Amino acid sequence: MSGRSRMLLSEKHPMATERYNPRASEPKWQKAWDAKKLFEADNDDPRPKYYVLEMFPYPSGRIHIGHTRNYTMGDVVARYKRAKGFNVLHPMGWDAFGMPAENAAMQNKVHPKDWTYQNIAAMREQLKVMGLSLDWAREFATCDVDYYHRQQMLFLDFVEKGLVTRKSSKVNWDPEDMTVLANEQVIDGRGWRSGALVEQRELTQWFFKITDYAQDLLDSLEGLDDWPEKVKLMQANWIGRSEGLLIRWPLATPATGPAIGKVIDGEDELEVYTTRPDTIFGASFMAVAADHPLAKKAAEDNPALAKFIDEVHHMGTSVAALETAEKKGFDTGIRVVHPFDEKWTLPVYVANFVLMDYGTGAIFGCPSGDQRDLDFANRYGLPVIPVVMPEGENQGSFQIIDEAYVGDGVMINSRFLDGMKPDQAFDEVAKLLEQKTIGNRPMAERKVNFRLRDWGISRQRYWGCPIPMIHCEDCGVVPVPKADLPVKLPDDIEFDRPGNPLDRHPTWRHVKCPRCGKDARRETDTMDTFVDSSWYFARFTAPWANDPTDPKAATEWLPVDQYIGGIEHAILHLLYSRFFTRAMRETGHVDLAEPFRGLFTQGMVVHETYRVGSGSNSRWLAPSEVRLEDVDGKRRAIEIATGDEAVIGPLEKMSKSKKNTVSPEEITDGYGADTARWFMLSDSPPERDVEWTDEGAAGAHRFIQRIWRLVSTAAESLAGTRPAAAKEGEAGTVSKAAHKALKSVGEDIEKLAFNRAIARVYELANALSTPLNEAAEGKADPALKGACRQAVDILVHLIAPVMPHLAEECWQTLGGTDLVAERPWPVYDPSLVVDSEIVLPVQVNGKKRGDLTIARDADQGAVEKAVLALDFVQKALEGKAPRKVIIVPQRIVNVVA
RNA sequence: GCGGACGUGGCGGAAUUGGUAGACGCAAGGGACUUAAAAUCCCUCGAUCUCUGAUCGUACGGGUUCGAGUCCCGUCGUCCGCACCA
């Protein structure tokens with residue numbers, strides 16, 4: 001458009017501006033940012049560093065709207081911190097190994113590699129549309145040979161430091177995916193991915209010794225001040241520390257005294273773990289797990305017991321099975337002797353509720369103090385001796401019938417412990433038994449137990465990082481020499497059968513032993529994909545480094561200042577990463593223990609569901625397939641194609657199966673990225689779920705157009721005006737509104753309270769609406785013009801973190817020659833964020849009756865005098881003196897009549 | 001069962017952490033502009049009543065306080081995590 005025609009147009013319609021067109025505008029500004037490489041972090045930049053990271057996505061093929069909310073939050077922080085003068089690292093990558101690629105290979109005959117890289121390419125393009133200020137120069141995928149090569153280096157370093165072990169253990173076997181799952185990946189007895197019922201199998205597996213760090217991982221939670229309490233609590237529960245006592249109970253044999261029970265050769269004690277040694281006089285039986293060595297031995301000549309053990313093995317592990325499972329046991333015939341009474345023997349049962357892999361796989365049962373033990377005792381007619389009684393109960397009448405008492409109180413029926421508190425009794429029992437001996441060892445020792453297990457990382461899959469180890473018949477398990485790394489995945493691979501394709505590859509597994517040179521075979525297990533995501537944040541600090549990290553860069557950038565992701569990773573990913581960072585410190589790759597200084601868990605994007613038909617004929621409808629109507633205040637959904645009414649279901653996480661998904665393109669194609677970004681952060685607090693609604697998106701877009709109208713109509717008249725804050729009059733009101741908004745938006749972003757920041761921007765836009773229109777109509781005096789010019793500059797900078805494209809467009813229209821993305825955050829004038837006069841609410845007897853407008857710096861005496869002179873106060877007092885006048889400075893006045 | 005979080009208009013949510021409850025947005029209703037529509041602008045919007053004012057009101061019942069959405073005790077409800085962990 002020529003200057004002449006522009007002038008004609010503006011003469012005809014002085015107020016007319018075109019609507020803002022995000023489709024033309026957004027790509028333009030994205031190119032401008034890229035051209036200046038504004039988002040590429042320089043490790044040598046001397047400014048203070050700030051590392052903001054969102055949990056990287058799995059390349060499933062499509063970016064989900066939930067992803068974009070997550071990344072937008074990180075982007076707002078990144079853009080804000082950049083404007084505040086930080087050297088910001090904001091990278092992006094791909095968590096690219098895993099089962100879905102293999103499933104696609106099996107179903108669609110695509111190579112997992114091709115499938116994955118194609119998905120990455122598509123998703124990268126989707127992300128770019130969002131205008132995120134990411135450093136794409138550092139992008140990598142965990143399936144890049146470059147990346148898993150370094151992961152193999154780390155693995156070998158961990159092996160050297162003794163952080164890796166290989167042990168035979170019972171594993172959770174997913175029969176559908178035909179692979180092993182970590183305990184953390186078994187949810188309600190089912191595989192976290194396949195949903196298949198998990199079986200128990202005995203396999204030799206590779207483990208990371210995370211339990212070595214159990215205490216440290218627990219203790220260090222306390223220092224994570226910028227983590228949600230909820231996540232810390234979940235981790236603490238998962239680590240599950242308990243303090244107790246190992247007690248060795250002598251088996252009743254001819255040597256120990258009355259040989260009542262069955263005698264097993266070579267067995268003379270039963271070791272149990274208990275957190276309640278104080279209840280030892282309430283013991284009425286012992287119980288061991290079905291896999292306990294004593295149980296196995298006792299079953300050798302006892303077919304009935306062997307049968308029972310077999311039954312326990314086949315018991316379901318589903319929640320339903322566990323909940324309904326009755327406490328069942330089988331008496332082995334073995335007897336133990338009570339540590340404090342040689343004449344007291346107790347039966348040893350095999351019980352279905354005792355777990356082999358916690359404690360020692362054996363317990364003593366105290367029915368009065370433990371519900372499970374009580375259920376068991378009641379079923380098998382074993383004695384129930386109350387040993388702890390609530391304070392103030394009458395011992396004569398206190399009984400335990402079918403509810404165990406687990407609280408605090410006072411010891412009874414416990415000989416020398418009687419009258420003590422349970423805590424004291426605990427210590428007393430520990431002290432006495434530590435002094436007694438059995439064999440050559442003390443009869444008891446204090447022991448801390450953890451629920452946390454070592455992290456099994458072996459997976460019998462192709463699409464993962466090969467474990468760089470070699471099995472040699474003569475030398476045993478030998479690490480691949482570092483010089484021979486990487487162990488690359490073979491490309492020629494068949495997916496015609498389930499199971500591990502690496503295992504049946506014709507040549508790949510055959511190698512020479514690096515130690516003796518004889519024929520040997522490669523480890524064909526690959527690593528759990530949670531290994532890949534346990535250190536990617538460190539790799540981002542120097543993705544070009546030959547070693548896994550560049551320790552200098554890692555030291556400078558880490559910890560991640562702000563990590564943002566879903567609550568679903570509260571345990572697995574975050575705990576593994578905390579362990580990994582410790583292991584990397586041990587091996588010299590980083591110099592810190594805690595990888596994430598600040599953690600934020602964002603809510604999901606949810607949408608209601610629509611369903612037509614009923615029973616087996618019913619089907620789900622996508623939001624785009626229905627039309628919503630409002631009939632007599634009732635919302636109805638109509639299927640557009642058929643006109644049938646659909647049932648509106650509750651808000652649910654967006655999922656393919658229920659078709660309640662909205663794709664980012666549906667929004668960005670029409671309204672643009674800024675609308676999507678603005679909508680996802682407004683209204684709902686970021687930690688809570690946000691409901692995607694068309695009205696909400698439309699509302700966000702209306703605001704974009706409103707800002708554009710406001711700025712562009714005033715732009716011409718403000719063109720030559722120098723920004724200047726005013727203190728008085730209408731101009732002063734404008735300046736104060738702008739500076740107050742500037743202050744609170746900054747504070748809100750620092751706290752990640754994006755919804756509040758957005759509310760403040762709305763307020764500022766509302767406040768500027770009249771003055772800016774006056775300026776556009778030429779009705780503003782120089783003071784007001786200066787104030788408006790400055791306020792509009794501030795407004796543009798305030799919207800920039802959330803609506804970066806619109807901000808650039810506005811800035812250009814206002815005559816800016818640089819980019820908002822490279823401009824500093826404006827500084828507010830402290831004198832403009834406080835008013836010289838304040839309005840104090842005045843209460844009489846705690847109820848608000850009116851206001852008092854008074855100078856901000858008025859002293860208490862002046863405030864009291866002015867309050868007492870108010871009409872409504874005098875009326876309320878009826879001429880009497882007030883009993884009390886409470887003045888909270890700058891806040892409220894309460895007159896007590 | 002154990003552990004934790006939460007409960008505010010028609011809706012999403014604010015409330016400086018004990019100081020004006022309902023900011024801001026969505027939805028709804030009314031009006032202006034228009035031949036009309038869209039867009040835009042203005043007004044109303046917790047409930048009740050004797051309506052220029054008053055009373056009630058933050059799940060429910062008590063308590064502490066000059067003052068409670070906020071703190072304490074109890075009840076109900078919702079959500080989340082763990083779950084036979086001795």
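On a predicted model such as this, the values are computed, not experimentally measured, just so you know. What you see below is based on every heavy atom in this structure, not just the backbone, and it leaves out hydrogens, waters and symmetry mates.
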Would you say the ring centroid of A:F376 lies under 6.0 angstrom from that of A:Y349?
yes

Which listed nucleotide ([options]) is nearest to the side chain of [X]?
X: A:A759; options: B:C82, B:A23, B:G25; value: B:A23
X: A:E695; options: B:A86, B:C24, B:A27; value: B:A27
X: A:T275; options: B:A86, B:U40, B:C26; value: B:A86
X: A:Y273; options: B:A83, B:A86, B:C84; value: B:A86
X: A:S242; options: B:G25, B:A86, B:C26; value: B:A86
X: A:N766; options: B:A86, B:C24, B:C41; value: B:C24

Just the rounded figure in Å: distance from [atom2] of [N] to [atom1] of [X].
X: A:K232; N: B:A5; atom1: NZ; atom2: P; result: 13 Å
X: A:Q371; N: B:G1; atom1: CD; atom2: P; result: 10 Å
X: A:E777; N: B:C41; atom1: CD; atom2: P; result: 14 Å
X: A:L572; N: B:G81; atom1: CG; atom2: P; result: 12 Å
X: A:Q890; N: B:G19; atom1: CD; atom2: C1'; result: 13 Å
X: A:L233; N: B:G4; atom1: CG; atom2: P; result: 7 Å
X: A:H292; N: B:A86; atom1: NE2; atom2: C1'; result: 13 Å
X: A:K327; N: B:A86; atom1: NZ; atom2: C1'; result: 12 Å

Would you mind telling me which residue lines up with the more 5' stretch of RNA chain B, A:E763 or A:M356, judged by nearest nucleotide?
A:E763

A:R706 or A:D373: which one's nearest nucleotide on RNA chain B is closer to the 5' end?
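Per heavy-atom nearest nucleotide, the more 5' residue is A:R706.
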
Whether [X] side chain and [Y] backbone form a donor-acceptor pair below 3.5 Å:
X: A:N894; Y: A:G846; answer: yes
X: A:Y273; Y: A:G244; answer: yes
X: A:N352; Y: A:K328; answer: yes
X: A:R760; Y: A:G746; answer: no
X: A:Q371; Y: A:D402; answer: yes
X: A:S284; Y: A:P383; answer: yes
X: A:R69; Y: A:G603; answer: yes

Tell me, please, which residues at least two apart from A:H607 pass side chain to side chain donor-acceptor pair (under 3.5 Å).
none

With sequence neighbours excluded, what pairs up with A:R702 under the side chain to side chain donor-acceptor pair (under 3.5 Å) test?
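Applying side chain to side chain donor-acceptor pair (under 3.5 Å) to A:R702 gives none.
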
Could you measure between the two [atom1] atoms, the one in [N] and the one in [M], and give it in whole Å?
N: B:U20; M: B:C26; atom1: C1'; answer: 25 Å
N: B:G4; M: B:G74; atom1: P; answer: 14 Å
N: B:A21; M: B:U58; atom1: C1'; answer: 7 Å
N: B:G22; M: B:A47; atom1: C1'; answer: 13 Å
N: B:A59; M: B:A14; atom1: P; answer: 15 Å
N: B:A23; M: B:C60; atom1: C1'; answer: 28 Å
N: B:G67; M: B:C51; atom1: C1'; answer: 28 Å
N: B:G31; M: B:A37; atom1: P; answer: 12 Å

Intermediate values then yes/no, salt bridge (charged side-chain N to carboxylate O under 4.0 Å, His left out), A:R248 and A:E445
CA-CA 9 Å; A:R248 303 186 175 95; A:E445 59 185 271; 2.9 Å; yes

Any side-chain heavy atom of A:W249 sitting closer than 4.5 Å to one from A:H338?
yes

For nucleotides 65-75 of chain B, which of its nitrogen or oxygen atoms have a protein nitrogen or oxygen under 3.5 Å away, and what is each distance?
residue	atom	partner	partner atom	Å
B:C66	O2'	A:N894	ND2	3.1
B:C66	O2	A:N894	ND2	2.5

Once Watson-Crick and G-U wobble pairs under 3.5 Å are found, how is RNA chain B written in dot-bracket notation, 5' to 3', with | for any base paired to another strand?
(((((((..(((......[....))).(((((.......))))).((((...))))..(((((..]....))))))))))))....

Of all heavy-atom pairs between A:G407 and A:V388, which one has the smallest distance, and what is that distance?
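Shortest heavy-atom contact: O-CG1, 3.8 Å.
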
For nucleotides 42-54 of chain B, give me one character per nucleotide, 5' to 3': B if any protein heavy atom sits under 4.0 Å from the base, S if the only such contacts are to the sugar-phosphate, - if neither.
-------------

Quick one, give me the B/S/- string for nucleotides 9-15 of chain B, reading 5' to 3', where B means a protein heavy atom under 4.0 Å from the base and S means that only happens at the primed atoms, P, OP1 or OP2.
---BSSS

Using a distance-only criterion (donor-acceptor N/O pair, under 3.5 Å, no hydrogens), is the base of B:U16 paired with the side chain of A:R891?
yes

Atom pair [atom1] ([X]) and [atom2] ([Y]), whose distance is rounded to the nearest 0.5 Å:
X: A:N845; Y: A:K884; atom1: CG; atom2: NZ; answer: 11.5 Å
X: A:K736; Y: A:L832; atom1: NZ; atom2: CG; answer: 7.5 Å
X: A:R856; Y: A:Q890; atom1: CZ; atom2: CD; answer: 4.0 Å

Does B:U40 have OP1 or OP2 under 4.0 Å away from a side-chain N or O of A:R19?
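So the side-chain polar atoms of A:R19 never come under 4.0 Å of the phosphate oxygens OP1 or OP2 of B:U40.
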
Is [N] syn or is it anti, if syn means the base angle is within 90 degrees of 0?
N: B:U8; value: anti
N: B:C43; value: anti
N: B:G9; value: syn

Students often get this wrong, so: under 4.0 angstrom with heavy atoms, is A:V272 touching a base, only sugar-phosphate, or nothing?
nothing

So A:L355, base contact, sugar-phosphate only, or nothing? Heavy-atom distance under 4.0 Å.
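Base contact.
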
Does the plane of the ring in A:F679 sit parallel, tilted or perpendicular to the ring in A:W692? Use 30° and 60° as the thresholds.
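If you compare the ring of A:F679 with that of A:W692, the planes turn out perpendicular.
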
